[in-house]
Amino acid sequence: MAHSELTTDLKQELKRQIEIFKRGTVDLLPEDELRAKLAGFLKGERGPLRVKQGFDPTSPDIHLGHTVGIRKLKQFQDLGHQVVLIVGDYTAMVGDPSGQSATRPVLSYDQIMKNSETYQEQFFKILDKDKTEVLFNGDWFKKMEFLDIMHLASKYTVARLLERDDFTKRMKAMTPISVHELFYPLMQAYDSVAMKSDIELGATEQTFNLLAGRTVQEAYGDEPQCVLTMPILVGTDGVKKMSKSLGNYIGVDEAPREMFGKAMSIPDEQIASYFELATEVTAERVEEIRKQLSQADVNPMLLKKELGEVIVDQYHPEGSGKAAREEFERVFSKKQLPDDMPEATAEDLKNLEIDPNAIYLVHLIAKNKMSKSNSEARKLIQAGSVSIDGDKVTDPNYEFPLDKEMILKVGKRRFLRLKV
RNA sequence: GGUGGGGUUCCCGAGUGGUCAAAGGGAACAGACUGUAAAUCUGUCGGCGACGCCUUCGAAGGUUCAAAUCCUUCCCCCACCA
């Protein structure tokens with residue numbers, strides 16, 4: 001291959017792109033290889049970079065944790081590179097052991113396919129659909145024969161598989177590791193072979209799997225991919241990685257009100273990190289926010305409200321963020337009523353086997369799903385968290401007729417408008 | 001295959017015949033406070049129209065006035081040995 005020199009213009013472009021690639025990431029390895037690939041593209045000696053990221057559709061929704069990588073992919077896309085999403089329909093059935101302290105439950109294929117549909121819809125809230133290649137890794141794994149699998153397995157050693165942290169920890173903790181889990185990194189690595197990856201993105205905990213891709217690509221005679229790792233977004237609990245199963249996530253498909261509320265529930269220390277990883281605000285603005293947060297006279301709440309607004313606006317029509325904020329302030333700060341709430345008419349109550357002339361409050365709450373059980377409803381009443389038209393009710397045996405429109409409030413967030 | 005250890009309520013984890021709906025921690029929910037669904041403190045935390053009753057401690061049987069605790073069989077996990 002002839003190695004023509006880059007012109008000054010191209011050198012600048014190379015530098016610019018590498019800078020964008022690296023912004024907000026943890027590691028780019030090996031950087032010189034990526035430079036070489038990118039230089040090849042800029043000189044027209046090869047096509048755009050094939051940028052890979054895989055997602056296992058293990059739950060129906062993607063959340064802000066996923067978007068950290070997707071946002072980075074978008075940047076690649078905007079620079080003219082080819083983004084390739086790998087939907088891990090097969091890998092989902094194995095379950096990624098990364099960061100797991102136990103074997104994941106195995107999902108049914110049907111469930112996985114359903115999930116992958118909603119995944120795709122949600123991806124394209126950020127990525128440009130027309131410029132994105134979507135591949136299912138079942139397409140190649142389905143065709144493999146046992147010997148092919150053995151061939152793949154021979155490219156990697158047990159020692160290397162076991163040396164990864166997750167397995168080491170599980171061995172020490174004496175929690176089981178199934179043989180199929182050892183295959184996970186090999187499968188992910190083989191994806192890179194199958195779709196000819198130039199660079200693969202993943203969270204830092206993915207480093208092992210990403211690097212396995214390099215080894216396996218080389219074993220198959222291909223140029224190894226580069227690896228770009230992203231920081232892990234902490235969940236709304238402020239401690240653990242954001243994940244659906246931990247319930248500490250903000251889903252991209254959630255209603256503005258929920259999104260905003262969840263954003264407000266993150267610990268103050270996570271504000272800057274959320275701005276950096278989960279929003280499009282500039283690096284300069286993130287720096288500014290960091291500074292403001294370190295000042296004693298700045299109320300973190302205001303920045304958090306800004307965060308909530310920005311996040312909501314990213315996934316909903318213009319102005320939704322502002323509306324969600326106003327709603328939040330009305331309901332929580334001023335303790336007023338939300339602008340809309342679920343309703344129940346006398347007819348609805350009858351359908352729930354509640355007599356509108358003698359409503360037993362405990363049943364009203366439980367049957368309208370405002371509590372998990374009658375017992376819980378009873379306890380909430382006794383705890384003083386239930387009110388009707390603003391008047392606290394503490395008698396667990398309270399009964400009343402539906403003679404006018406009234407508003408039931410349970411806790412801070414659950415409302416029900418009762419209509420005659 | 002052998003030997004030893006283990007499976008407890010959403011999670012982690014105490015409990016070895018009655019005083020156990022089961023310590024403690026976490027999560028969750030609520031209350032107070034607050035400029036926040038942050039933080040902090042407090043309470044609740046199987047179900048039931050409820051000072052009582054019903055269902056839970058891997059599964060199924062059994063012993064006993066009484067079992068998470070004892071016995072039998074089975075299922076699953078871990079370690080070491082092979």
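A note on names: the letters A, B, ... follow the listed sequences, proteins ahead of strands, and every chain is numbered from 1. What you see below is based on every heavy atom in this structure, not just the backbone, and it leaves out hydrogens, waters and symmetry mates.
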d([atom1], [X]; [atom2], [N]) in whole Å:
X         : N      : atom1 : atom2 : answer
Arg325(A) : A37(B) : CZ    : P     : 14 Å
Ile381(A) : U44(B) : CD1   : P     : 17 Å
Ile365(A) : G49(B) : CD1   : P     : 13 Å
Leu302(A) : A37(B) : CG    : C1'   : 16 Å
Asp268(A) : A38(B) : CG    : C1'   : 4 Å
Glu399(A) : A50(B) : CD    : P     : 12 Å
Ile266(A) : A37(B) : CD1   : P     : 14 Å
Gln292(A) : U36(B) : CD    : P     : 19 Å

With a 3.5 angstrom cut-off on both distances, give the Watson-Crick or G-U wobble partner of [N], or none if there isn't one.
N      : result
C29(B) : G43(B)
G4(B)  : C78(B)
A59(B) : U73(B)

- Task: State, yes or no, whether a side-chain contact exists between Phe124(A) and Val134(A) at a heavy-atom distance under 4.5 Å.
- Result: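 Yes; the side chains approach each other to less than 4.5 Å.
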Just call it for [X]: base, sugar-phosphate, or nothing, with non-hydrogen atoms closer than 4.0 Å on any strand.
X         : value
Ser373(A) : sugar-phosphate
Lys379(A) : sugar-phosphate
Phe260(A) : nothing

- Message: Would Lys412(A) and Phe332(A) count as a cation-pi pair here, with the cationic atom under 6.0 angstrom from the ring centre and within 45° of the axis?
- Response: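 Not satisfied by the 6.0 Å and 45° rule.
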- Query: Who pairs with Tyr360(A) by ring-ring contact (aromatic ring centres under 6.0 Å, His included), at least two apart in sequence or on another chain?
  - Reply: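 Per chain and number, Tyr360(A) pairs via ring-ring contact (aromatic ring centres under 6.0 Å, His included) with His363(A).
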What interatomic distance, in whole Å, is found between [atom1] of [M] and the corresponding atom of [N]?
N      : M      : atom1 : value
U69(B) : U16(B) : C1'   : 5 Å
G18(B) : A67(B) : C1'   : 9 Å
A28(B) : U63(B) : P     : 46 Å

Set out, line by line, the N/O atom pairs under 3.5 Å between protein and nucleotides 27-30 of chain B.
| from | atom 1 | to | atom 2 | distance (Å) |
| --- | --- | --- | --- | --- |
| C29(B) | O3' | Arg414(A) | NH2 | 3.1 |
| A30(B) | OP1 | Arg414(A) | NH2 | 3.1 |
| A30(B) | O2' | Ser385(A) | OG | 3.3 |

- Item | Lys/Arg N to Asp/Glu carboxylate O, Glu329(A) vs Arg325(A), below 4.0 Å |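 Yes.
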- Message: I'd like to know if Asp253(A) and Lys125(A) make a salt bridge, using a cut-off of under 4.0 Å between side-chain N and carboxylate O.
- Response: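 Salt bridge flag = yes for Lys125(A) with Asp253(A).
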- Message: Starting the side chain at C-beta, find the nucleotide from A32(B), A37(B), A50(B) nearest to Phe332(A).
- Response: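 It is A37(B).
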